[in-house]
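What follows is one structure encoded as structure tokens, with my remarks underneath.
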Amino acid sequence: MIAIRGAITVDSDTPEEIKGAVKDLLCSIKEKNNLSQDDVVCIMLSSTQDIHSFYPAKAAREAGFDGCALFSSAEPDIEGSLPLCIRVMLLCDGKFKPCHVYLRGAALLRKDLTSRLVVALDGPAGSGKSTAAKALAKHFNILYLDTGAMYRACALKCLGCGTPLDDGNAVKKVIDSIDLKIEYDCGRQVTILDGKDVSEEIRKPEVSSLASRVSAFPCVREKMVEMQRKIASSMSCVVDGRDIGTNVLPDCEHKFYITASTSVRANRRFLEEKAKGYETSLESVEADIIARDKRDTEREVAPLRKAKDAVLVDTSDMTEKQVLEYLVNKIQEKI
Ligand code: DC
């Protein structure tokens, strides 16, 4: 008899999510261990106490695993444990080396079985990459590193110091002494400049175009890229920016280039800025996006480009949910 372990997380406590997750997990275990239905003697499932809406054992039966004994139970509510998680143990006939399977956020439970997951998302402003990056990070329960925020903080620093952005030496002087820290509060990135949380301030439209200008300076990129590589080398994360797949993490296994038509991107940004209460017009947002695209793609150092091995995703006609599903499927094909 062989015991095979596995676990998976769900995004929310709904019958559909639970049925889908249990099916994915059991099918993956079956496939990776080359099992037939008859090999499985029993399946024991447990779920964290934030899962109430459906019995995982019933989900297993509905997924076709009905020729064996099935059982599910609730786990103790341990502080700090991974939420919305379903665990499983299969007892199987035979003698072989079991392949345990930990999917989605549960991959973090067994880092010895799963290598670190790092995903690179590049693309122009308004392409939907930061929305996708946040959703992906939440899905896999890993961190989201927004590298644009770092260039925005550099721009804010230069703005505060009254640094002329046509004077490379003046910019270098400011950036050499910048006190920038990236911290995480309940998974949310917090950008700290000179000891102050500037996460909101850096989102102002005037900072956007300054960030694009500041980010063209080699001294700025050198410093930011070093910080980004350090963060990405220490944990599983989704990193978004302009040069992640081409320059910051060229060896990253999961690379995507997210884009959309200029008018769709301008409209998205316009609605975002309006919702935040900024005085804006669609024409000025579109003009700013076109100018930023030009600067970001034409600068000499690490311009915005699709890496050769990145998957191109045009989100013009896709919903946020469709983008997430597409990215998750592509990533899962490789892990
Ligand atoms: O993604 P964002 O709009 O917050 O980025 C602001 C600017 O920072 C963007 O116009 C170009 C620059 N940037 C960059 O050059 N490289 C990155 N990896 C991220 C952003």
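Each ligand, and each atom within it, is numbered from 1 in the order the structure gives.
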Open item on the list: Testing the 3.5 Å rule here: is there a donor-acceptor pair between the side chains of Asp240 and Ser130?
Closed with: no

Task: Side-chain H-bond candidate by donor/acceptor type, Thr297 with Arg305, under 3.5 Å - done: no

Open item on the list: Would Lys30 and Phe65 count as a cation-pi pair here, with the cationic atom under 6.0 angstrom from the ring centre and within 45° of the axis?
Closed with: yes

TODO: Tell me, please, whether Phe54 has Lys19 positioned over its six-membered ring: NZ or CZ under 6.0 Å from the ring centre and within 45 degrees of its axis?
DONE: yes

Open item on the list: Surrounding NZ of Lys306 (heavy atoms of other residues, nucleotides or ligands, distance under 6.0 Å), is the total greater than 12?
Closed with: yes

Task: Point-to-point distance, once rounded to the nearest 0.5 Å, from CZ of Arg269 to OG of Ser208 - done: 6.5 Å

- [ ] Taking only heavy atoms of the protein into account, state which residues are under 4.0 angstrom from an atom of ligand 1, in chain and number order.
- [x] Lys129, Thr147, Gly148, Tyr151, Arg152, Arg203, Ala211, Ser212, Ser215, Arg221, Gly241, Arg242, Asp243, Ile244, Arg292, Asp296, Arg299

